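Have a look at the structure below, then the notes.
Everything quoted here is computed from the prediction, not taken from an experiment. So you know, we letter chains A, B, ... as the sequences are listed, proteins then strands, and number each from 1.
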2 protein chains.
Amino acid sequence: MIKVAIVDDHKILTEGLQGLIAASGLATVVNVAHSASECRQSLGFCKPDVLLLDVSLPDISGLDFCKEVKTEFPEIKILALTTHNEYSIVRQMLDNGASGYLIKNAMTEEILAGIKAVAAGEIFLCHEIDILMKRPKETHTWLSHREKELLKLVAEGLTNSEIAERIFLSPETIKSYRKNLLLKLDAKNTAVLVRIALEKKLI
Amino acid sequence: MIKVAIVDDHKILTEGLQGLIAASGLATVVNVAHSASECRQSLGFCKPDVLLLDVSLPDISGLDFCKEVKTEFPEIKILALTTHNEYSIVRQMLDNGASGYLIKNAMTEEILAGIKAVAAGEIFLCHEIDILMKRPKETHTWLSHREKELLKLVAEGLTNSEIAERIFLSPETIKSYRKNLLLKLDAKNTAVLVRIALEKKLI
DNA sequence: ATACAATACCCCCCAAATGGGGTTTTTATC
DNA sequence: GATAAAAACCCCATTTGGGGGGTATTGTAT
């Protein structure tokens with residue numbers, strides 16, 4: 001029997017999930033938490049095989065929590081279960097050690113299939129996400145570290161010279177980065193740049 | 001027995017909800033839809049007393065769908081059930097005719113209490129939302145029609161003169177509006193303006 | 001009656017962003 | 001050891017935005 005733990009702040013969802021998993025006979029729910037900190041306290045002793053993890057948690061980001069859990073308990077397989085269907089979120093989640101990714105409007109059977117697959121050491125993506133990730137690379141936007149850093153500072157409202165001071169670069173360099181960002185994200189100006197960044201969850 | 005219909009694209013949640021409502025003995029689920037169009041087709045004959053409605057639907061906005069249902073079937077009480085806890089969303093939902101508002105991490109009992117209350121013709125807000133709405137007016141941002149319109153166009157990347165042409169106003173007027181928006185939303189510049197607008201779901 | 005909010009308009013000045021063209025160095029990757 | 005991508009830098013010209021000051025006209029709620 002696969003031991004499953006759940007972290008999600010939506011109580012109706014966790015209750016529904018518990019019932020669903022119990023009814024399947026495939027796995028047993030050993031712990032339910034509604035925040036990362038709550039989950040952190042119980043992981044040590046309940047030792048689940050699979051952790052169902054939401055990206056939006058009330059305390060810290062599910063992305064960071066995924067990395068944290070994987071560092072402390074590398075043997076626990078993490079299966080993301082969330083509403084986000086953006087490339088960058090899935091990409092980061094997998095890079096942070098997740099073994100699978102489900103979106104919340106996936107079929108019930110997919111959730112059980114996902115639990116089974118990741119428990120067996122496989123990588124599992126639900127249908128919609130699988131299609132998303134297989135799309136040609138050009139349709140996805142991927143920014144370098146520096147570019148992401150710049151984008152964050154721009155979205156915080158810093159001017160070029162303020163950014164330059166902050167990260168010890170020439171204002172001219174910042175200008176180049178911004179030009180590149182406008183090009184890469186196909187944005188006409190800063191307003192659109194910020195909108196796209198937030199919509200694609202790049203920052 | 002209260003007749004309840006549900007519209008939400010998260011299948012796990014709708015299944016959980018169905019079980020929960022059935023187990024309570026308070027109400028009976030007469031219909032479950034995963035999109036507005038699906039729901040639209042069934043509302044006519046299943047005639048629910050209460051409609052549990054999510055704000056994010058795959059086809060159209062739950063806000064618009066709320067208004068639509070209220071126009072066609074004024075006797076159906078609408079109870080919003082969603083993750084959004086922003087003032088502007090709640091405000092719009094209530095203005096569009098919703099009788100109640102629940103957030104998805106609310107307690108199970110609150111959902112049942114909400115169904116009971118709105119079926120009885122009352123207005124019901126879950127605890128967290130109640131607190132949010134009771135906060136002094138000054139802490140909420142509320143924009144006029146024109147200001148919202150402007151903000152949308154700014155976020156689309158139009159320059160002042162482009163906006164002026166589009167809505168037949170003087171470019172100087174647009175400048176004034178923008179200055180006001182920066183003040184009202186306490187934004188240093190356009191980048192922050194757009195970020196705040198998206199974060200507070202004002203546009 | 002009058003005060004208020006919303007709407008629409010105008011001026012000046014300077015700072016900041018955008019668009020165009022570039023170069024060099026460092027750091028992975030094959 | 002070649003190659004490519006990322007990171008850092010530079011100049012010119014123009015447009016756009018932001019900060020400061022305003023005014024006038026509506027409608028509407030008290």
Open item on the list: Determine whether a donor-acceptor pair (N or O, by modelled atom type, separation under 3.5 Å) exists between the side chain of A:Asn31 and the backbone of A:Cys46.
Closed with: no

Open item on the list: Could you tell me how far apart B:Tyr177 (OH) and D:dG18 (P) are, to the nearest whole angstrom?
Closed with: 17 Å

Task: Whole angstrom value for the distance that separates C1' of D:dT16 from CD of B:Glu162 - done: 11 Å

TODO: Give a yes/no on whether any side-chain N or O of A:Ser144 is located under 4.0 angstrom from OP1 or OP2 of D:dA7.
DONE: yes

Task: Among C:dC10, C:dA17, D:dG17, the one nearest B:Glu172 by side-chain distance - done: C:dC10

Task: From B:Thr82 atom OG1 to B:Asp54 atom CG, the distance as rounded to the nearest 0.5 Å - done: 4.5 Å

Open item on the list: Let me spell it out: for each of B:Leu143 and A:Leu158, pick the nucleotide of DNA chain C with the closest heavy atom. Which residue's pick is nearer the 5' end?
Closed with: B:Leu143

Task: A:Trp142 six-ring face occupied by A:Lys184 cation (under 6.0 Å, within 45°) - done: no

Open item on the list: Whether the side chain of A:His127 engages the backbone of A:Ala106 through a donor-acceptor N/O pair (distance < 3.5 Å, no angle test) should be reported.
Closed with: no

Task: Whole-Å distance separating the CZ atom of A:Phe168 from the P atom of D:dA7 - done: 18 Å

Task: d(CD, A:Glu149; P, D:dA6) in whole Å - done: 16 Å

TODO: List in numerical order all residues of residues 182-191 of chain A for which some heavy atom is under 4.0 Å away from an atom belonging to DNA chain C.
DONE: A:Leu182, A:Lys188, A:Asn189, A:Thr190

TODO: Identify which nucleotide among D:dA8, D:dG17, C:dT7 has an atom closest to any side-chain atom of B:Arg178, counting heavy atoms from C-beta outward.
DONE: D:dG17

Open item on the list: I'd like to compare against my own output: the B/S/- annotation of nucleotides 20-30 of chain C with a strict under-4.0 Å heavy-atom distance to protein.
Closed with: BB---------

Open item on the list: Looking at A:Arg40 and A:Glu72, is any side-chain nitrogen of the basic one under 4.0 Å from a carboxylate oxygen of the acidic one?
Closed with: no

Open item on the list: As a test of understanding, state which of A:Lys175, A:Arg178, A:Glu172 forms a side chain to side chain donor-acceptor pair (under 3.5 Å) with A:Asn160.
Closed with: A:Arg178

- [ ] In whole angstrom, give the distance that lies between atom NE2 of B:His145 and atom P of C:dA8.
- [x] 12 Å

- [ ] Please determine if a side-chain N or O atom of B:Thr173 lies less than 4.0 Å away from the OP1 or OP2 oxygen of C:dC9.
- [x] yes

TODO: Provide, to the nearest angstrom, the distance between the CD1 atom belonging to B:Ile174 and the P atom belonging to C:dT7.
DONE: 12 Å

Task: Electrostatic pair A:Lys188-B:Glu162, nearest N-O below 4.0 angstrom - done: yes

- [ ] State whether A:Asp8 and A:Lys104 are salt-bridged, where the test is any N-O pair (Lys NZ or Arg NE/NH1/NH2 against Asp/Glu carboxylate O) under 4.0 Å.
- [x] yes

Open item on the list: Can you measure B:Asn160 atom CG to C:dA8 atom P for me and round it to whole angstrom units?
Closed with: 15 Å

Open item on the list: I need the CZ-P distance between B:Arg146 and D:dG27, as an integer number of Å.
Closed with: 15 Å

TODO: For B:Ser170, answer base if it contacts any base atom (sugar-phosphate contacts may also be present), sugar-phosphate if it contacts only those atoms, and nothing otherwise; contact means non-hydrogen atoms under 4.0 Å.
DONE: sugar-phosphate

Task: Residues B:Glu149 and B:Arg146 bridged, charged N to O under 4.0 Å - done: yes

Open item on the list: So for atom CE, which belongs to A:Met133, do other residues, nucleotides or ligands contribute more than 12 heavy atoms lying within a distance under 6.0 Å?
Closed with: yes

Task: Residue mapping more 5' on DNA chain D - nearest nucleotide basis, A:Glu147 or A:Pro171 - done: A:Glu147

